[in-house]
Amino acid sequence: MRVDLQQAIRLLKAGNVVAIPTETVYGLAADATNDAALRQIYAIKERPADNPLIVHIADISQVENWAAEFSPLAQKLAKAFWPGPFTLVLPAKPHVSSIVRGGQPTVALRVPNHPIALQLLKESGLALAAPSANKFTQLSPTTAAHVTAGLGEEIAVLDGGACSVGIESTIVAVTNNQNGENWQLLRLGMLPEANIHALAGVPALSFKQTIKVPGQHLLHYSPRTPMRLFTSREDLIAQANSRTAALLLSSGAVPNCTYFELNKNADDVAQKLYDTLHQLDALNAEILLIETPPNAPEWLAILDRLTRAAA
Ligand code: TXA
Ligand code: MG
């Protein structure tokens, strides 16, 4: 069911959930201070209760409502990357609902860079908890139609067009220890790690996380159709037949089956990736043959999502 901005505001204020556009993927939003509304998010998504939600805020001034500490490093990153596809995990204030935190001592915060999401946050005065608007482990939605296809016609959707980034936000935790401030990359996104490193002045702490990231199961972001990844085009072509479909990420010889070709730059592929996987899934093939992207930093987030989808 499509709703307009004013209907979305009314529904959210009354404790209902509404799917909203952001620049990364559509989120299933609810008032982050309303536990009953938050429980609906977990129920609709069939998401485990220990998998925390990101709280979307209108601007940086709202961080103090949620975070017990907003260290100089965290402030520097927030100022540089918000609004944008960047989420900060910070120590939570005690009043922050343990439902939104998934039982963690921290809270994840993001100012999204989407005109409708920002208008919604500003006009409603709400902070919105919003995980991606898909069932647990399934493909994230990048259009209003994807949301309805995945969650059903009864879910209210605020249509903001196709998402411009197309892959979930980069998540960074900022922590303090005796050696000073550190940062850890909890989830790869299209904001390059090098940009964060440059600003922070220090590299990320070991990618092997020292803090718990409950949502990052290897099985994630998956189409219903099984997927197999190929580094070699020849091997992919050798597996193609009438019961397969393929995703190609470069030019060259093509397989003898239905295929989609996304062979531009990484930003462009990211923007179209989930929509293309949704379309491939709809073909009801026996298996999807997926070409892995080039081995370069700007492709890492895409490789991460494809690896999880194929797990
Ligand atoms: O781009 C995005 O981040 C989208 C849009 C809607 O903002 N949201 C999104 O939410 O991808 P979700 O719930 O699908 O993924 C959020 C992930 C969780 O799986 C979890 O790993 C991590 O964020 N997370 C949230 N709060 C956390 C916390 N307090 N500590 C560690 N990880 C946290
Ligand atoms: Mg998700």
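Side chains included, hydrogens not; waters and symmetry mates left out as well; all remaining heavy atoms used. Given the structure is predicted, the values throughout are model-derived calculations rather than measurements. Note that ligands are numbered from 1 as they come in the structure, with each ligand's atoms numbered from 1 the same way.
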Peer 1: For atom 2 (C) of ligand 1, which of the options Ser169, Gly166, Pro91, Ala173 provides the nearest non-hydrogen atom?
Peer 2: Ser169
Peer 1: With respect to the Mg ion (ligand 2), please indicate if Ser132 possesses an N, O or S atom at a distance under 2.8 Å.
Peer 2: yes
Peer 1: I need the Ile99 CD1 to Asn34 CG distance, nearest 0.5 Å.
Peer 2: 9.0 Å
Peer 1: Please work out, at 4.0 Å between heavy atoms, whether the side chain, the backbone, both, or neither of Arg101 comes within that distance of ligand 1.
Peer 2: neither
Peer 1: Which ligand 1 atoms does Thr106 reach within 4.0 Å, using its non-hydrogen atoms?
Peer 2: 28 (C), 29 (N), 30 (N)
Peer 1: Counting each atom of ligand 1 from 1 as listed, which ones have a heavy atom of Ile54 under 4.0 Å away?
Peer 2: 3 (O), 8 (N), 9 (C), 10 (O), 16 (C)
Peer 1: Determine the sole option in Ile171, Asn113, Val172 for which the side chain to side chain contact (heavy atoms under 4.5 Å, CB included) test with Phe86 is passed.
Peer 2: Val172
Peer 1: Report the distance from atom CD of Glu193 to atom CG of Leu185, rounding to the nearest 0.5 Å.
Peer 2: 5.0 Å
Peer 1: Using a strict cut-off of 4.0 Å, indicate which atoms of ligand 1 neighbour a heavy atom of Glu168.
Peer 2: 1 (O), 11 (O)
Peer 1: Check step by step if side chain to side chain donor-acceptor pair (under 3.5 Å) holds for Ser169 and Thr87.
Peer 2: CA-CA 6 Å; Ser169 61; Thr87 296; 2.8 Å; yes
Peer 1: If you measure from atom 11 (O) of ligand 1 to every heavy atom of Arg187, Gln184, Arg110, His56, which option wins on shortest distance?
Peer 2: Arg187
Peer 1: Would you tell me which option among Val89, Ile171, Ile20 has the nearest heavy-atom contact to atom 22 (C) of ligand 1?
Peer 2: Ile171
Peer 1: Between Glu291 and Arg233, does at least one N-O distance fall below 4.0 Å, as a salt bridge requires?
Peer 2: yes
Peer 1: Using a strict 4.0 Å cut-off to heavy atoms of Val25, name the atoms of ligand 1 that fall inside it.
Peer 2: 4 (C), 6 (C)
Peer 1: Need the ligand 1 atom indices (1-based, order shown) with element for anything under 4.0 Å from a heavy-atom of Ala108.
Peer 2: 25 (C), 26 (N), 27 (C)
Peer 1: Classify the contact between Ala130 and ligand 1 as side chain, backbone, both or neither, using a heavy-atom distance cut-off of under 4.0 Å.
Peer 2: backbone
Peer 1: Using 30° and 60° as the class limits, which term best fits the ring planes of His278 and His146: parallel, tilted or perpendicular?
Peer 2: parallel
Peer 1: List every atom of ligand 1 that sits less than 4.0 Å from any heavy atom of Asn51, numbering the atoms from 1 in the order shown and giving each element.
Peer 2: 18 (C), 19 (O), 20 (C)
Peer 1: Look at Arg2 together with Glu153 and state whether they make a salt bridge at an N to O cut-off of under 4.0 Å.
Peer 2: no
Peer 1: First locate atom OG of Ser250, then atom CD of Glu261, and finally report the distance between them rounded to the nearest 0.5 Å.
Peer 2: 8.0 Å
